[in-house]
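Notes follow the structure.
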Amino acid sequence: MVEHCHTKPHYQINDTKNIHLLTERQSATFDVEELTQFMFSGSENPFDINTRRKLIRLAIAHPIHSTHLPFEYLTADEHYSICIRKSLLAIQEANRLNITNQKHRAWFFDIFANYYFAFYIHTSMCLYALENIASEEQKQKFLPLAQSFHIIATYAQTELGHGTDIRRLETEAVFDRTTDSFIINTPKLTSTKFWPGSLGRTVNHVLLMAQLYTPDRDHPCGLQMFLVQIRDFKTHEPLPGVEVGEISTRFAHILGDNGYLRLNNVRIPRTQMLMRLAQVDEQGNFHRGGDARLLYGTMVHERIRLINSFLIALTQAITIAIRYSAIRFQGQNPNGNETKILDYPLQQEKLIPCLSTTYAFLITFIKLDTYFNQLKMNEKNYLKQLPELHALSAGFKGYASSVTERLAQICRISCGGHGFLVASGLVGIRNAVDGGCSAEGDNVVLLQQTARYLLKVMQQVEENNTKNIGSSVAYLQMPLWSSTTCMNLNDYCRLFESRSQLLIKEIYTKMLESSSSSSPYDIFINNSIQLVHIAKAHMETFFIRAFYEQVGRAPQHSTIALALEQLFYVFTIHTLCNQSTDFIRLKLLSADQIYELETHTLPDMYARLRPNLVALVDAFDLHDFELNSCLGRYDGQVYEALMERARLNPSNRHRVHPVWLSVKQGTLSKL
Amino acid sequence: MVESQEQGPYYQLNDTKNPDLLRERQSATFDVEELTQFVFGGPNSYFNVNRRRQLTRLAYAHPVHDTHLPIEYLDADDYYSVLIRKSFIAIKEAERYGITDRKLLGWFVSVFTNGRFMFGLHTSMFLHTLETMASDEQQEKFLPLARSFQIIGTYAQTELGHGSNLQRLETEAVFDINTDTFVLNTPTITATKFWPGALGRSTNYVLLMAQLFTPDRNHPAGLQMFFVQIRDLNTHEPLPGVELGEISTRFGHEVGDNGYLRLHNVRIPRNHMLMKLAYVDEQGTFHRLGDPRLLYGTMLATRVNLCAYFSILLARAITIAMRYSAVRRQGQNPNGKETLILDYPLQQEKLVPCIATNYAFFYAFIKLENLRREILDSDTILFELLPELHAVSSGLKAYMSSIGERFSQTCRVACGGHGYLVASGIKGLNNQLDAGCTYEGDNSVLYQQTARYLLKVMQQLDEISEMETESSIKFLYSTTTPPATIINLDDYCRLFECRSQMLLKSMSNRLSESEASTYNKFSKNSIELVHISKAFIETVVLRAFYDGVRKASEHKSFGPVFEQLFHVFAIHTLRNSATDFIRLKLLTADQIYQLETFNLPDMYARLRPNLISLVDAFDFHDNELNSCLGRYDGQVYEALMERARLNPTNRHKVHPVWKSIKQETKSKL
């Protein structure tokens, strides 16, 4: 059935109703679909646009979508009910349509449930963990139940008192030999599991991260993962010893159903500790087996998934802001006409760097994801390259989530007051990406991990031991860039690589020098601000290099290549200006050169890109259903949509709000 | 009754329950209350902290506050009902206590309603506009009704299609000579009044900004303000020809009751146009009276107040983040102990610049408020100084809201996941600061207005010889020599002044050399003009803070602390515009690197023992913060757990949707 769906773009130029938006689309110098295909097509491409289009068409065709008000008008309970219903229906539909590929299923679920698929942790992390950390026997027993959604699970790691630093988790599993079971407790207030998604009201099992004690209470064996049932299959009621509920209201993941969980002497059979990497036998003896690095793999996998979700959010935000800026007018020019806000240099200064960053991140993501998938085919290579993958995925997540948060905020501001409406779509996007700054590892913690890796590589370079050096850090052993002016794209790459190399070497030397007087811990802490800085510098280098490679792949001298090249310049110069002190101090560029780039080259690029701005966001080919934005609709009917949405507000069903009836009857004070 | 209330701080050291937080408080090198009084004390201070404490205590003592769940658990309708109730009770209570001074009244009703007083636009803009723009006759007729809340109004200006650019508003008022009335219409969809606060369900009148046409449809006479009834005073029902309602859901001001309004041939008597500055006679002839600059007054006063408001919002955010960072532990040090997150340099790098900036904001505001008093509160408005007030208040509003928004976001991130709960209190603050970037003038537009003023000043430099010593633009008239090295605090000020002056001069020259039209010149250089405005505002803020530090130097205990804060603010601000200073040869890249990588962390370390006391000195009541993370006593985890258990969804053991799913499954089996 999926095959029958067509793969054409969601919209054609003549779907445009707003005349100004039409003018923009007509002014494009390239064919939008050609760019879309160049960027996002192919089954190797993480966005695999043609398949995605089919799945979107199938998902949004279902009649359930027209049965409810916009989400912002539902109460918390209604909201939850609809998401659960849609999520269950999404699974049924995916089965009916025979969508089996895991990635395709995930897309289908996401779209079908308006990005609020209630079991996403189950389908992504939990199934993945069972596949990779459960023993063969356990897999046979639990995987079919989990795959058929009989078992619905979440990942219960974060506690009230500890998040990022998992060694300090306090939930405990004590082996009891007489019953061949583990006794599980959250002994303190701070050991309460707090935050796991879908935990509050949804799941019947958790993958519980807990401190193992075996053969008895006096022998700690570190963190292990346990499969624990918390709700009854038939009644969905919490089991004895389990206190579970939703935590207090969040922004963004209102519907993530984040929960808390307290366990009081809950017993599970010994065989429900996940046993691929470590085992406890009947006598309570603890054995390690298997390669623990596989756990890293899970983290890398999850992080890549998370980066993917910011990037989709970012494409949505910039699409909304640019389209709205092409239909909104403000101020008067000397001809007495109003000015389109996209024509203001100050608006371009907000949005074009944002657009170019979006392309830079997308391109880099495609590169990283493809690399990850290639490596996974060969386990030996994969384990060897894991440290590099870990550093890159941690750095990418740390860098991109903060930047994406800021850019989403800029998009909000560039839409003025209307950007403040939930119906703009921007509010939800910004909250979601803000959440991403803390989820799956705090950004500064992650960037420090990238920095650790860089220091290790620097050491190898210093020791001339660079046989297996990863491709992303190969520049550390290259000669410095020595030209004095930036001429071509590759010069910019070399410029950033040289800066990054100099910075890493500088801090490496500094830390080495102080190693006689301070402890490694103190040295690291004392330099942590700069270590985060070098990690960012490295990531910038990586983004720019990836962007460069992509420009090279575009057909030479084509209009697409030209537009991408302009975006490359904007991204690079914008990034450079934000870090100008580095470049000046390291004598790579002078302050005057940077001023020149910032005040001449950059606005010049804005002007060149101007005719293509709308086409460049159209190329993301987001469906209006996905955008869910009155401001970003493909047809440009913004004001009509805003007015319609206002009228839908359930508060307007009263001609007079009930509280005023009591005010008028003088009964207010008695309430 | 107000007078008899306790004036002391809300909390004492021994109210602290968390031992880590207690240690922080004990490590302070100065007395918190002394600092509070120094910055916020005194009957002439805008903040008048002692009086404020009395009002706050009275407001929180009322039993209505115990009658509802935390507001994040109320649905939209309940939320609105609670706020209307509280707003009415607040008014009554204020009357009972005899709180009449407008500022004190404003505080009281705001605290009473958790910062969500529903008639705020009525008591501020609506009344103020009637007082300044209605004729004496109109005032006599309308003001008593408005003051007694029989008429409750709002200010209806923004339309669906136009906000910042007033000239383009489309709502129209056409004079009809036969009936001596105006006929009001919102003729297009974009003319719909959209966003005005309290319009959706609350007000019965609006002050309507509309294009006047008189004596007939063919004669436009520009924007005027009209006094228009929209709901019946008895039934509260919309009047004929009036379509109104709430707009779709917002963040930040969920309960501002922002509304939309469409008017279809609504007639109002001729004398319902506000007539102090212009009037229409029976023949429909339009006359101007009075000085239209009077209109500025309200706008400027609003903008000045916003600067205080933004400073307070940020102060709340940093209080929460700082206290939580003194309770939360993470990571392991070599002794096997967990580290307090406030001890991490990376956490200090987030929070210390924020607290330093916050103190700078308060001093910048105090300076601005003094300027406002001087200009607007004297017997006759000092019109010649209005442009300066306009430029500085516009620039500061833009600067504080955008910097405040970013810092409050940093505070959110600094609190990790828990910062993400509504119960952290930070998200709401961030949303309010975010909204502040747009309302009362988009920040980019405001910065450009500041730039215009500065360029005008540059062109008149030679003509003016004498200058008010207190003026914010004084430095533009002197030839400041840049300091070769930074030795004392004044050197930072001079650096910033030189930078600002040099940037302005080169722009001024560039503009006068250019042959393009004024419009094109400004448009083409707008990015740099905004930059120049920011540079100017940074200079103003730094100088204001400098004055505060000088005053503080008489106090041995916190004088040095203020100097440290000043260093942090100056260096942090400077490094964010490093290219300017290097390019203008005011500093070298190596100097900036030194300042950033050595002096700044050094200042963090020096400030470390006082970080909690510096936020304690803002003396927020826990109810004001409404934060599980920022409570004075530090019982963070207890509060988080309690709040989670309160979530109304937890009243179900099994959520109803699962009950029906389980039944459906059964019935199919």
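A, B, ... follow the sequence lines: proteins, then strands. Residue 1 opens every chain. As the structure is a computational prediction, the values presented were derived from the model and not from experiment.
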Given heavy-atom pairs under 4.5 angstrom as the criterion, report whether the side chain, backbone, both or neither of B/Arg231 touches chain A.
side chain
Which portion of B/His162 sits near chain A, non-hydrogen atoms under 4.5 angstrom
both
Who wins among A/Glu72, A/Gln330, A/Arg412 for the most heavy-atom pairs under 4.5 Å with chain B?
A/Arg412
Side chain, backbone, both or neither: which part of B/Ile592 has a non-hydrogen atom closer than 4.5 Å to chain A?
side chain
Please classify the contact of B/Tyr344 with chain A as side chain, backbone, both or neither, using a heavy-atom distance under 4.5 Å.
side chain
For the ring pair A/Phe194 and B/His418, is the centre-to-centre distance below 6.0 Å?
yes
Report which part of B/Ser526 has an atom under 4.5 Å of a heavy atom belonging to chain A: side chain, backbone, both, or neither.
both
Chain A contacts, top residue of B/Leu421, B/Val654, B/Asp434 (heavy-atom pairs, under 4.5 Å)
B/Asp434
Can you tell whether the side chains of B/Arg406 and A/Glu405 come within less than 4.0 Å, N to carboxylate O?
yes
Tell me which of these, B/Arg262, B/Gln348, B/Gln330, has more heavy-atom pairs under 4.5 Å with chain A than the rest.
B/Gln330
Okay, B/Thr67 and chain A: the region with an atom under 4.5 Å from a heavy atom over there is neither
Between B/Glu405 and B/Asn430, do the side chains contain an N or O donor and an N or O acceptor separated by less than 3.5 Å?
yes
Please classify the contact of B/Thr597 with chain A as side chain, backbone, both or neither, using a heavy-atom distance under 4.5 Å.
side chain
Out of A/Glu598, A/Arg655, A/Arg645, which one racks up the most heavy-atom pairs below 4.5 Å with chain B?
A/Arg655
Would A/Arg250 pass as a cation-pi partner of B/Tyr420, given that its NZ or CZ must be under 6.0 Å from the six-membered ring centre and within 45 degrees of the axis?
no
Which portion of B/Glu237 sits near chain A, non-hydrogen atoms under 4.5 angstrom:
both
Contact winner vs chain B - A/Asp582, A/Ile594, A/Val422, heavy-atom pairs under 4.5 Å:
A/Val422
Considering only heavy atoms, which portion of B/Val327 lies under 4.5 Å from any heavy atom of chain A: side chain, backbone, both, or neither?
neither
Most contact-rich option vs chain B, by heavy-atom pairs under 4.5 angstrom, among A/Glu349, A/Glu237, A/Glu338, A/His162, is A/Glu338
Among A/Ile529, A/Asp592, A/Ile584, A/Ile247, residue most engaged with chain B (heavy-atom pairs, under 4.5 Å):
A/Ile529
For A/Phe420, does the six-membered ring have the charged nitrogen or CZ of B/Arg250 within the cation-pi criterion, i.e. under 6.0 angstrom from the centroid and within 45° of the normal?
no
For the candidates B/Ala578, B/Pro334, B/Ser402, which exhibits the highest count of non-hydrogen atom pairs separated by less than 4.5 Å from chain A?
B/Pro334
Between B/Leu584 and chain A, which part of the residue has a heavy atom less than 4.5 Å away: side chain, backbone, both or neither?
neither
Do any N or O atoms from the side chain of B/Asn333 and from the backbone of B/Thr339 form a donor-acceptor pair under 3.5 angstrom?
no
Evaluate the side-chain hydrogen bond (donor to acceptor under 3.5 Å, both in side chains) criterion for residues A/Asn527 and A/Lys510: first the C-alpha distance (whole Å), next the side-chain angles of each, then the deciding distance (0.1 Å), finally the verdict.
CA-CA 9 Å; A/Asn527 290 290; A/Lys510 185 175 159 206; 3.0 Å; yes
Option that, when pairs with chain A are counted at under 4.5 Å, heavy atom only, ranks first among B/Leu346, B/Thr438, B/Ile247, B/Asp75:
B/Leu346
What part of B/Ser523 gets closer than 4.5 Å to chain A, counting heavy atoms only: side chain, backbone, both or neither?
both
Check each atom of B/Lys350 against the heavy atoms of chain A and say whether the ones under 4.5 Å are side chain, backbone, both or neither.
side chain
Output yes when B/Lys659 and B/Glu664 qualify as a salt bridge under the 4.0 Å nitrogen-oxygen rule, no when they do not.
no
Before we go on, tell me: are the rings of A/His418 and B/Phe194 under 6.0 Å apart, centre to centre?
yes
Considering only heavy atoms from C-beta outward, does the side chain of A/Arg406 approach that of A/Arg430 to under 4.5 Å?
no
State whether A/Tyr80 and A/Arg201 meet the cation-pi test: NZ (Lys) or CZ (Arg) under 6.0 Å from the six-membered ring centroid, and within 45° of the perpendicular axis.
yes
In terms of heavy-atom pairs under 4.5 Å, which option from A/Glu640, A/Arg167, A/Glu243 contacts chain B the most?
A/Glu243
